[in-house]
Structures are given as C-alpha cells and as structure tokens.
Amino acid sequence: MPLSGMAVAFKASTSACTAQQLWGHPTRDQCQYGFTHLNERKSRKGSAALHARAISGKLDLDFGDPSWKQKYQEDWDRRFSLPHITDIFDLEPRLTTFSLKKNRAPLGASDVSSPDKWNGYVNKDDRALLKVIKYASNTSAGAECIDPDCSWVEHWVHRAGPRKEIYYEPEEVKAAIVTCGGLCPGLNDVIRQIVFTLEIYGVKNIVGIQFGYRGFFEKGLKEMPLSRDVVENINLAGGSFLGVSRGGAKTSEIVDSIQARRIDMLFVIGGNGSHAGANAIHEECRKRKLKVSVVAVPKTIDNDILFMDKTFGFDTAVEEAQRAINSAYIEARSAYHGVGLVKLMGRSTGFIAMHASLSSGQIDVCLIPEVSFTLDGEHGVLAHLEHLLETKGFCVVCVAEGAGQDLLQKSNATDASGNVVLSDFGVHMQQKIKKHFKDIGVLADVKYIDPTYMVRACRANASDAILCTVLGQNAVHGAFAGFSGITSGICNTHYAFLPITEVITTPKHVNPNSRMWHRCLTSTGQPDFH
C-alpha cells in the first residue's frame, strides 16, 4: 500500500468508535476512551433505569457487571502495551552504555564508567497517569466519562526515559533519521538531539534520509552522514536540515531499502500520516523478522495527535500567529469600519486559531472546524460583524483553514499524503464580508492576512525547543530499550511512550464543551452563530 493512503486505510480498519457508539457529548475524548451510547428501559416502579454498554477497542462492556472496571483496565493495559523486539526475537539485554555520571577521559580514550554508579534510569514498570480530573457528572464542562456515573478509572501509560538495560550493541548500530510531511518549527532541534543522544550511547553510524520517505527509493538521494559536528548549529534555523516531502513508495519497497542499508533503528519525525507510515514499516519489519526498532516523534503544528498535551511546533505557531493578528488589528483599528481577517493553519482542528485568539486578546470572532456556524441570517457571523462595526467601529476575525468547509463546494482532489485538498475558506470569507456590506450600503475596509508559510517555516521558540529536546532524547531511549512501533510524547505534563496504533486511530479535536473553548468564547464575546 502506498504511504500516501496509509493513514486513511489504517483509520478505517482500526477505529472502533462511530457516531452511534457515542453517549452524551459526541466529542473526540469519549471516542478515545471508548465510551458509547446509553439505552433507557423502564423499571418495575416506572422510573427510568439506565442500562449502559460500551465498546472499548474490541471489548464489549456491560456496566451492570460489577467487574466492568477491571475488564476495562485490563483492556486498556493490553491496548497500550508497547511492541518490543523480544516479541519476535529471543534476546537477553545488556547493561546500558548511557550514563551522565562520567569522568573526563583523555581524547580518544573509551569511557569505562558503570551505569551502576548513576540512578538516572526509568524502571520498566514506571507509569504516568494520562488524566487527573475526576468528573462528578457527564454534564461537567469537558467531561470525559466512561460510564453514566463518571466512575474514576485510571489510565496509565508507559513512562519515557533511559532504561538500565538495552537490547542493542551501540557500536554495531546503524541509525537513520527521516523527516516527513510538511515543515514545522523544531524539526532541526529534534534531529540534533537524536544525534547527540545516539552518540552518548556510543553509536557511530548515524545517517539522515533526505526528503522524507522519498529518500528511501528516489535515485540520486544519498544518505547524509550525521554527527555532533554536523548538526551542532542546525537548531538555529527553521525548516528541516534533511528536507521533507509528502507521500512515498510502497511499504515493502521502503523496508527493502532499510534491509539493504542494514538500518537497525529508524526515527520517523512526522504527523498522523507519517506515524501511520512508521507503523506500517514496523509491521513489515516484524513480518520479515528484522531486528529494527521504528520509533516516531510527533510533529504537527495543528496539535492534532491523540492523547498528547501538545506536539512540537504548536507553541511556536501560536506565537508567530500573534504577528499576523496584531497586524490585522492595527489595520482594522486604523481604518474607518476596518475588518481584519486572519486565516491560520488547522485542517481539521482549531487549536492554533483558538489559542492564538486567546493569547492575543484582540479577536472578536474565532471560527474553527469543530464548531458549526452560519454566515448569513439574523444570527449569522455577518450580522454580528455589522453589530461590531456599529458599536466599536472595527473588528478582527480569526479563522482556521478547515472551518466552514460545509459552506463551500467540496473538492475531490487530494495531496501527495492523501489529504483532501480544502476549499479556501479564508478567501471565501473575505469575499462574503465585502459583498455583504456592499449589499447593505455600508462601507467596510477588509484586510485579509494569510501567514501560513511564515508560521511553519520559522525557528522553534524556547518552549518548543525544550519539548523537541526531550522528545528526541526519549525516542533514542525507546529504541535502545527495544521498543518498536511507538511514539514519544508528553501526556498530562509527563513524557511517555505510546503505541502508534492507538495514537493514529483518529485525530485529536477541540472539544466544543471544553473549558478552553469556553475561555476563548469568553475572550471574544462572540454569540452562537445559529
């Protein structure tokens, strides 16, 4: 199967959550926890008794069963267990070569420090708690409930970090790094830290695969030797030192290339589609019984990867978006009946638009894909813009690129990654505003700003640089620990390893019932547009 269609195919084959299986608020969070619909039946006394069932993965839960919670947690532990090379090979671990408690050695001399002298390792049984809020009711803002009573259920995931035992001989390892998809602030920071950490383990053979998965099969694209000296300052620039591309060859062809190059560890830096590709490569390697660890690092400024607090590049994108919003505000504020319109990235999620609106404090209307709205009519967006011009004399609107797609003509075209090419809602909104005010005979000076490529091509800010550093280091720790088919992320402020299969079942979305969206509405003061 080509990697370009892998994300869609994988989602269709694994996601057990459908619209009919949701109960209460039809949000992403209930889907990710596996909760489904509720059936009512009358008790003998005539009062409404509740009989609920849920589907968690392939597990059918009956909440009338006293042991449902134990079954749910057992299923969760099964789903979030990490694939390991010992699932295929009978291997014994060795003591790690990673230690930060070292003596300064003469140049060229080998370090003989023992890991027994340092207690900086993560135990294989360490876990991090994914969620910490206990909701009293499913009607609580942002509630993520499994059963009708919102029972407390612990969701544990594997803690990331260096292990005391490893499953590779560092001097024999050949490690490869590839950056896939579009650009994102922080790519070079991650590359840099992967190389640094590999060298601390003792790996000498590190290569970069140029221009995404394409580098595995495109003639003329050679491996790029990497070392600390080569990557020392690449974090000072945006973009990707290795180059990026979308799409790719068949999985089998990529694994053929991995096998021919004798690669032992592959680090894939990318978003949902690239993660699906990494998982397919992992599965093919297992099928061929190749001792290869495939570890992904979540990259997307859209912040739409499931279970994770945030992905690298997101904070930088929000910060960079402030420049565009501030420019739109100044233009609108300085004009008679000025309307500033800013379109930010977010194909299916509105995280950037929501957070940028919150942080700027200058947005009057924020439109995101997760919340439906109407443009025309008494309660539409355009009527509200009329009100804003009448009352304050100007306004600023922020829209995510994926917002309002139901109001536009659908496109059947797809890009190289298999994503549907979206209609340009920003331009549509600009034209609708101009036409509306012209039709009612009111002057409106519309300034439209689209900073898409400025936002994603810049250097990572301090917050993202730290996140990239930790994610890159943990990716290497995960590979040496023998894991494969995993990704490294931050969950509930703690760094964790997650199986790729669970991460890519569905994109993460803004929950319209969440406190964060409510905070955004409080800041903008916008009404419901229905």
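Only this structure's heavy atoms are used, side chains among them; waters, hydrogens and symmetry mates stay out.
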Would you say the ring centroid of [X] lies under 6.0 angstrom from that of [Y]?
{"X": "His477", "Y": "Tyr201", "answer": "yes"}
{"X": "His155", "Y": "Tyr72", "answer": "yes"}
{"X": "Phe373", "Y": "Phe425", "answer": "yes"}

Would you say the side-chain atoms of [X] pair up with the backbone N or O of [Y], donor to acceptor, closer than 3.5 Å?
{"X": "Asp189", "Y": "Thr469", "value": "no"}
{"X": "Ser140", "Y": "Ala143", "value": "no"}
{"X": "His275", "Y": "Gly271", "value": "yes"}

One thing to verify: whether [Y] and [X] come together as a salt bridge, which I'm taking to mean a side-chain N less than 4.0 angstrom from a carboxylate O.
{"X": "Glu74", "Y": "Arg78", "value": "no"}
{"X": "Lys131", "Y": "Glu144", "value": "yes"}
{"X": "Glu169", "Y": "Arg94", "value": "yes"}
{"X": "Glu401", "Y": "Lys343", "value": "no"}

Problem set entry | Exceeds 12 heavy-atom contacts within 6.0 angstrom, atom CZ of Arg515 |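 Enclosed: over 12 neighbouring heavy atoms sit under 6.0 Å from CZ of Arg515.
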For this session: Look at atom CZ of Phe217 and say whether more than 12 heavy atoms of other residues, nucleotides or ligands are closer to it than 6.0 Å.
Result: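 Counting other residues, nucleotides and ligands, CZ of Phe217 exceeds 12 neighbours.
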Minimum heavy-atom distance between [X] and [Y], given as atom pair plus value:
{"X": "Gly186", "Y": "Phe312", "answer": "C-CE1, 3.6 Å"}
{"X": "Val455", "Y": "Pro185", "answer": "O-CG, 3.6 Å"}
{"X": "Gly181", "Y": "Val244", "answer": "O-CB, 3.3 Å"}
{"X": "Gly313", "Y": "Cys184", "answer": "CA-SG, 3.7 Å"}
{"X": "Pro93", "Y": "Glu165", "answer": "CG-OE1, 3.4 Å"}
{"X": "Ala400", "Y": "Pro369", "answer": "CB-CD, 3.7 Å"}

Exercise. Checking salt bridge (Lys or Arg N to Asp or Glu O under 4.0 Å) for the pair Asp264/Lys291: CA distance, chi angles, key distance, verdict?
Worked result: CA-CA 7 Å; Asp264 304 291; Lys291 187 188 174 186; over 6 Å; no
For this session: Determine, step by step, whether Val207 and Met224 satisfy the side-chain contact (heavy atoms from CB on, under 4.5 Å) criterion, reporting the C-alpha distance in whole Å, the side-chain angles of both residues, the deciding distance to 0.1 Å, and the verdict.
Result: CA-CA 5 Å; Val207 298; Met224 182 184 297; over 6 Å; no
Exercise. Side chains of Ser293 and Ser484: is there a donor and an acceptor less than 3.5 Å apart?
Worked result: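 Short answer, no.
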For this session: Check the side chains of His84 and Tyr167 for a donor-acceptor pair under 3.5 angstrom, ignoring hydrogens and angles.
Result: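 His84 and Tyr167 do not have a side-chain donor-acceptor pair below 3.5 Å.
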Do [X] and [Y] have side-chain heavy atoms sitting under 4.5 Å apart?
{"X": "Phe216", "Y": "Glu253", "value": "no"}
{"X": "Met265", "Y": "Phe480", "value": "yes"}
{"X": "His158", "Y": "Asp126", "value": "no"}
{"X": "Arg286", "Y": "Val292", "value": "no"}
{"X": "Phe241", "Y": "Leu226", "value": "yes"}
{"X": "Ile191", "Y": "Ser240", "value": "yes"}
{"X": "Leu344", "Y": "Val399", "value": "no"}
{"X": "Val268", "Y": "Val297", "value": "no"}

Problem set entry | Step-by-step salt bridge (Lys or Arg N to Asp or Glu O under 4.0 Å) determination, Arg288 to Asp256 | CA-CA 10 Å; Arg288 300 188 190 187; Asp256 287 344; 2.6 Å; yes
Can you tell me how far the [atom1] atom of [X] sits from the [atom2] atom of [Y], to the nearest 0.5 Å?
{"X": "Leu498", "Y": "Ile504", "atom1": "CG", "atom2": "CD1", "answer": "12.0 Å"}
{"X": "Cys180", "Y": "Arg214", "atom1": "SG", "atom2": "CZ", "answer": "11.0 Å"}
{"X": "Cys468", "Y": "Asp464", "atom1": "SG", "atom2": "CG", "answer": "5.5 Å"}
{"X": "Ile500", "Y": "Leu82", "atom1": "CD1", "atom2": "CG", "answer": "10.5 Å"}
{"X": "Cys145", "Y": "Asn138", "atom1": "SG", "atom2": "CG", "answer": "5.5 Å"}
{"X": "Thr197", "Y": "Asn474", "atom1": "OG1", "atom2": "CG", "answer": "8.5 Å"}

For this session: May I have the step-by-step check of side-chain contact (heavy atoms from CB on, under 4.5 Å) for Arg127 and Val157, ending in yes or no?
Result: CA-CA 5 Å; Arg127 298 292 185 269; Val157 291; over 6 Å; no
Exercise. In chain order, what residues pass the side chain to side chain donor-acceptor pair (under 3.5 Å) check against Glu223, with sequence neighbours excluded?
Worked result: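 By the side chain to side chain donor-acceptor pair (under 3.5 Å) rule, Glu223 matches Lys174, Arg261.
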For this session: Determine, step by step, whether Leu358 and Met516 satisfy the side-chain contact (heavy atoms from CB on, under 4.5 Å) criterion, reporting the C-alpha distance in whole Å, the side-chain angles of both residues, the deciding distance to 0.1 Å, and the verdict.
Result: CA-CA 9 Å; Leu358 264 172; Met516 191 59 73; 3.4 Å; yes
Which atom pairs, donor and acceptor, lie under 3.5 Å between side-chain atoms of residues 301-310 and protein residues at least two apart or in another chain?
unit_1: Asn303; atom_1: OD1; unit_2: Thr311; atom_2: N; d: 3.0
unit_1: Asp304; atom_1: OD1; unit_2: Thr300; atom_2: OG1; d: 3.4
unit_1: Asp309; atom_1: OD1; unit_2: Asn492; atom_2: N; d: 2.7
unit_1: Asp309; atom_1: OD2; unit_2: Asn492; atom_2: N; d: 3.0
unit_1: Asp309; atom_1: OD2; unit_2: Thr493; atom_2: N; d: 2.6
unit_1: Lys310; atom_1: NZ; unit_2: Asp315; atom_2: OD2; d: 2.5
unit_1: Lys310; atom_1: NZ; unit_2: Ser463; atom_2: OG; d: 3.3

For this session: Report the C-alpha separation of Asp149 and Ser151 in whole Å, then their side-chain angles, then the decisive distance to 0.1 Å, and conclude whether the side-chain hydrogen bond (donor to acceptor under 3.5 Å, both in side chains) test is met.
Result: CA-CA 5 Å; Asp149 297 324; Ser151 301; 5.1 Å; no
Exercise. Going through the checks in order, is the ring pair (Phe, Tyr, Trp, His ring centres under 6.0 Å) test met by Phe314 and His355?
Worked result: CA-CA 10 Å; Phe314 173 68; His355 282 258; 5.1 Å; yes
Problem set entry | Pair Arg159-Tyr495, side-chain contact (heavy atoms from CB on, under 4.5 Å): steps then yes or no | CA-CA 6 Å; Arg159 186 184 177 200; Tyr495 293 93; over 6 Å; no
